[in-house]
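Heads up, the thing below is written out as structure tokens.
On a predicted model such as this, the values are computed, not experimentally measured, just so you know. Every chain is numbered from 1 and lettered A, B, ... according to where its sequence line falls, protein lines coming before strand lines.
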Amino acid sequence: MTKVNFGLTANSPRVLSEKWSSIQESGFTVESLGETLEGGQSFIWNRLQENSWVGVIGLTILKLRLTDNKLLWQSSNPQEFGHEQVSEYLWIDQSYNAAINQLPWRSDPVLHQCMKPLTGLRILKQPFDEVLFYFLLSPVKSIPQIKETGNQVAKEFGENLGHGLYSFPGWEALSEITESKFRELKFGYRAKNIFGTAQFLKGRPDWFETVKSMPYMDARKEVMQLPGVGEKIADCVLLFGASKMESFPIDTWIDKVLTNRYNLIGWSQSQKLDFARLHFGKFAGLAQQFFFSGERLGVFDKG
DNA sequence: GATCAGGCCGAGT
DNA sequence: ACTCGGCCTGAT
């Protein structure tokens, strides 16, 4: 295996290990890992090759590679972010299989059709604060645009980790930045939401942990008090950042699936949401991710 | 140059 | 409770 040199000095705490560590039977395929990392739930992953990716989680650079059904990883900080943290981040444990088992794919051909080509697709367990930031940036923007804007903020205000990689600055740092500065960074009308949220979070260091510990509906109500957070973004943030698997974000793609594939023509948004929660159950968010990736990959176009 | 995006919010029905 | 237009910016 080639040594991966990310340009860090030898005594840096964030130097990458030379060897790859491996996780057997991860359940991922190249397709499902790619969609998990790049399919709109996270904006910090970059594909290096067809089967390898690099991303920044907290202050850790993580590199992933899938070969021969084996998942390989390298962490820049294996003491703090090692096997256990990688497994948790990627939802590699038995609870994933249990979640898949609870989805109604056996009696739902639409869902089953989406799941088949994406075996192993996960909901990532990302840092809550970072997910909130990225999804506040997301309205009416494409994935590449969100990635680029977020990356610029990390570059300007985050920590330089080497290799052109930067950490998410955190809300404490963001709260020191003016709205007009955000507008210079092309946030557009999202600038006032990021600014307002940063001001709200200032002096509330426990807010994220508190919300995470709340039941889904309470947490949803709490998150929706933030400026720029409506139902859709609240559900994204809770699903991807707080492991609230009941969350079922309905964006335009999912709306299309519900309308066209489940024939909910003429149903209101709240009726569609009721249907989804009832039909898909407590892992509705996982079903949502299969739909999102399935629609993106065009599984419905093939008849 | 117009129009429209992976949404939110406030105003009006 | 639901519909509508405005909002920044960038891509067609």
Side-chain angles (χ1 to χ4, degrees), chain A residues 34-45 114 118 121 123-124 126 130-153 156 174 177-201 217 220-241 247-262 264-277 284-301:
Chain A
E35 272 304 303
T36 298
L37 301 177
E38 299 184 282
Q41 57 174 308
S42 177
F43 302 94
I44 57 110
W45 288 98
C114 270
L118 290 163
L121 183 78
I123 303 293
L124 294 172
Q126 304 177 70
E130 183 177 323
V131 168
L132 175 62
F133 172 74
Y134 273 95
F135 279 92
L136 279 169
L137 277 180
S138 73
V140 203
K141 280 204 175 219
S142 65
I143 293 173
Q145 288 175 320
I146 299 164
K147 274 173 89 160
E148 194 188 329
T149 307
N151 202 34
Q152 279 189 359
V153 170
E156 190 145 346
L174 293 176
I177 301 165
T178 61
E179 181 177 337
S180 60
K181 177 65 189 174
F182 286 140
R183 287 196 177 255
E184 280 174 36
L185 291 166
K186 311 285 185 182
F187 283 27
Y189 57 77
R190 303 155 197 85
K192 67 175 188 312
N193 298 329
I194 305 264
F195 178 79
T197 294
Q199 296 310 309
F200 173 88
L201 291 172
M217 282 312 256
R220 195 171 190 263
K221 229 177 268 175
E222 181 67 27
V223 175
M224 284 180 67
Q225 288 184 30
L226 299 172
V229 179
E231 294 192 290
K232 189 270 180 182
I233 291 182
D235 278 329
C236 284
V237 162
L238 292 175
L239 179 60
F240 304 133
S247 305
F248 193 87
I250 301 181
D251 62 19
T252 58
W253 295 78
I254 302 302
D255 191 52
K256 238 168 55 174
V257 173
L258 293 174
T259 305
N260 300 331
R261 307 301 162 189
Y262 286 89
L264 306 187
I265 298 157
W267 291 43
S268 73
Q269 283 305 103
S270 66
Q271 287 172 326
K272 285 172 185 166
L273 195 51
D274 288 342
F275 165 82
R277 293 224 183 91
L286 181 56
Q288 180 269 356
Q289 205 58 32
F290 279 108
F291 291 136
F292 189 86
S293 288
E295 188 70 60
R296 261 164 57 93
L297 298 178
V299 303
F300 295 121
D301 302 337

key: Atom pair CZ (A:F182) and CD1 (A:I194), whose distance is rounded to the nearest 0.5 Å   = 6.5 Å

inquiry  = Nearest 0.5 Å, please: how far is CD1 in A:I177 from CG in A:L174?
reply    = 5.0 Å

Any idea which heavy atoms bring [X] and [Y] closest together, and the distance?
X	Y	result
A:L118	A:S293	CD1-CB, 3.6 Å
A:I254	A:P249	CG1-O, 3.8 Å
A:L239	A:I123	O-CG2, 3.6 Å
A:L238	A:S247	CB-OG, 3.6 Å
A:G39	A:I143	C-CD1, 4.3 Å
A:L132	A:V237	CA-CG2, 3.8 Å

Under 3.5 Å, which protein N or O atoms sit close to an N or O of nucleotides 2-5 of chain C? Give each pair with its distance.
unit_1, atom_1, unit_2, atom_2, d
C:dC2, OP1, A:S268, OG, 3.3

Rounded to whole angstrom units, what separation is found between the [atom1] atom of [X] and the [atom2] atom of [N]?
X	N	atom1	atom2	value
A:K272	C:dA1	NZ	P	18 Å
A:D274	C:dA1	CG	P	11 Å
A:F195	C:dC7	CZ	C1'	18 Å
A:I194	C:dC8	CD1	C1'	13 Å

query = If only atom types and distance count, is the side chain of A:Q126 paired as donor or acceptor with the main-chain N or O of A:Q41 below 3.5 Å?
reply = yes

query = Can you list, by residue number, the residues of residues 248-258 of chain A that have a non-hydrogen atom closer than 4.0 angstrom to DNA chain C?
reply = none

Close side-chain approach of A:N193 to A:F187, heavy-atom, < 4.5 Å = no

query = Of the residues in residues 224-237 of chain A, which ones touch DNA chain B at a heavy-atom distance under 4.0 Å?
reply = A:L226, A:P227, A:G228, A:V229, A:G230, A:E231, A:K232, A:I233

message = Under 3.5 Å for both pairing distances: what stems, at least three Watson-Crick or G-U pairs long, include DNA chain C?
response = B:2-5 with C:9-12, B:7-13 with C:1-7

Non-neighbouring partners of A:R220 that pass side chain to side chain donor-acceptor pair (under 3.5 Å), sequence neighbours left out = A:Y216, A:E231, A:D235

Non-neighbouring partners of A:R296 that pass side chain to side chain donor-acceptor pair (under 3.5 Å), sequence neighbours left out = A:E35

ask   = Earliest and latest nucleotide of DNA chain B, 5' to 3', sitting under 4.0 Å from a non-hydrogen atom of chain A?
value = B:dA5 to B:dC9

Listed partners of [X] passing ring-ring contact (aromatic ring centres under 6.0 Å, His included), at least two apart:
X	answer
A:F290	none
A:F195	none
A:F240	A:F135

key: Enclosure of A:E148 CD (heavy-atom neighbours >12, cutoff 6.0 Å)   = no

inquiry  = Taking the P atom in each of C:dC2 and B:dG6, what is the distance between them to the nearest angstrom?
reply    = 24 Å

inquiry  = Can you check the distance between C:dC8 and B:dA11, where both ends of the measurement are the P atom (answer in whole Å)?
reply    = 16 Å

message = Restricting to side chain to side chain contact (heavy atoms under 4.5 Å, CB included), what partner residues turn up for A:E295, sequence neighbours left out?
response = A:W253, A:K256, A:V257, A:F300

query = Reckon A:R190 has a side-chain N or O less than 4.0 Å from the OP1 or OP2 of C:dC8?
reply = no

task = Output, in order, the C-alpha distance, side-chain angles, deciding distance and verdict of side-chain contact (heavy atoms from CB on, under 4.5 Å) for A:K186 and A:L137.
result = CA-CA 10 Å; A:K186 311 285 185 182; A:L137 277 180; over 6 Å; no

Nucleotides 10-12 of chain C: which of its N/O atoms have a protein N/O under 3.5 Å away?
unit_1, atom_1, unit_2, atom_2, d
C:dG10, O4', A:Q145, NE2, 3.4

